[in-house]
Amino acid sequence: MPDPRLSQALREAYAAAPADTVILHTLEIWHPTFTEPIRVVRDHADLTARLEAGAARDGGQRVTFIALTFDLDLPPVDTGPVPEIAVTLDNVGRELSDALEAAAISQDRIEVIYRPFLSTDLEGPHMDPPITLTLAEVEADTLRVTCRARMLDAGNKSFPSITYTAQRFPGLAR
């Protein structure tokens, strides 16, 4: 089943694989403890491209994605259970592994946004909206970070979505 979020140009690139057009896979990793998002591109050179206008950080602006070797298995477009991807980042530096380690001990979630760009058009990602995932499992060593990321898991979302605490609702404290 085709993904309706993909641009026509990206669909054509997937179908025809023209030699002059390269699909550039990017990831944005975000956690509230980060001073700025970690942005990487699967390529041999850094990439400067424009984000979509509705992006949570730097929307509509040109940003730089750092070249990094990584592999990802995109989730299938189907009606199965919670879609999940596996991401492997190779040759990670100390900065990335330290940032992920600090984020892992926090109670906040680590967010990953996947955006495909075309080498012939860097004025915005060719998937709208981009896929937003939450890291579920992270394993790191000195050279590699392996993680699994999931899309919104509505089946495990608390209901009601409000957590009743004494701090938020002082009338509960007794």
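Just so you know, residue 1 is the first one in the sequence shown, and it goes up from there. All values reported here derive from a predicted model rather than from experimental measurement.
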Closest non-hydrogen atom pair between [X] and [Y], with its separation:
X      : Y      : result
Arg50  : Pro125 : O-CD, 3.6 Å
Asp90  : Arg144 : OD1-NE, 2.7 Å
Pro32  : Arg109 : CD-O, 4.1 Å
Ala149 : Leu135 : CB-CD2, 3.8 Å
Ile110 : His31  : CG1-CD2, 3.6 Å

With heavy-atom distances below 4.5 Å as the criterion, would you say the side chains of Leu24 and Leu122 are in contact? yes
Are Val87 and Leu27 side-chain neighbours, meaning at least one heavy-atom pair lies under 4.5 Å? yes
For residues [X] and [Y]: do they belong to one hydrophobic cluster (side chain heavy atoms under 4.5 Å, members Ile, Leu, Val, Met, Phe, Trp, Tyr)?
X     : Y      : result
Leu51 : Ile23  : no
Val40 : Met127 : yes
Leu72 : Val112 : yes
Val41 : Ile131 : no

Can you name the side-chain contact (heavy atoms from CB on, under 4.5 Å) partners of Arg57, sequence neighbours left out? Glu28, Trp30, Pro37, Arg39, Glu111, Ile113
Listed by chain and number, what are the side-chain contact (heavy atoms from CB on, under 4.5 Å) partners of Ile66, not counting sequence neighbours? Asp46, Thr64
Counting only heavy atoms not in Arg62, do more than 12 sit closer than 6.0 Å to its CZ atom? yes
Does CD belonging to Glu36 count more than 12 external heavy atoms closer than 6.0 Å? no
Euclidean distance, [Y] [atom2] relative to [X] [atom1], rounded to 0.5 Å:
X      : Y      : atom1 : atom2 : result
Leu118 : Glu123 : CG    : CD    : 12.5 Å
Asp71  : Arg42  : CG    : CZ    : 6.0 Å
Arg115 : His25  : CZ    : NE2   : 15.0 Å

Applied to residues 115-141, the ring-ring contact (aromatic ring centres under 6.0 Å, His included) test, sequence neighbours excluded, yields Phe65-Phe117
Set out, in order, the CA-CA distance, both residues' side-chain angles and the distance that settles side-chain contact (heavy atoms from CB on, under 4.5 Å) for Leu68 and Leu89, then state yes or no. CA-CA 7 Å; Leu68 182 72; Leu89 304 160; 3.8 Å; yes
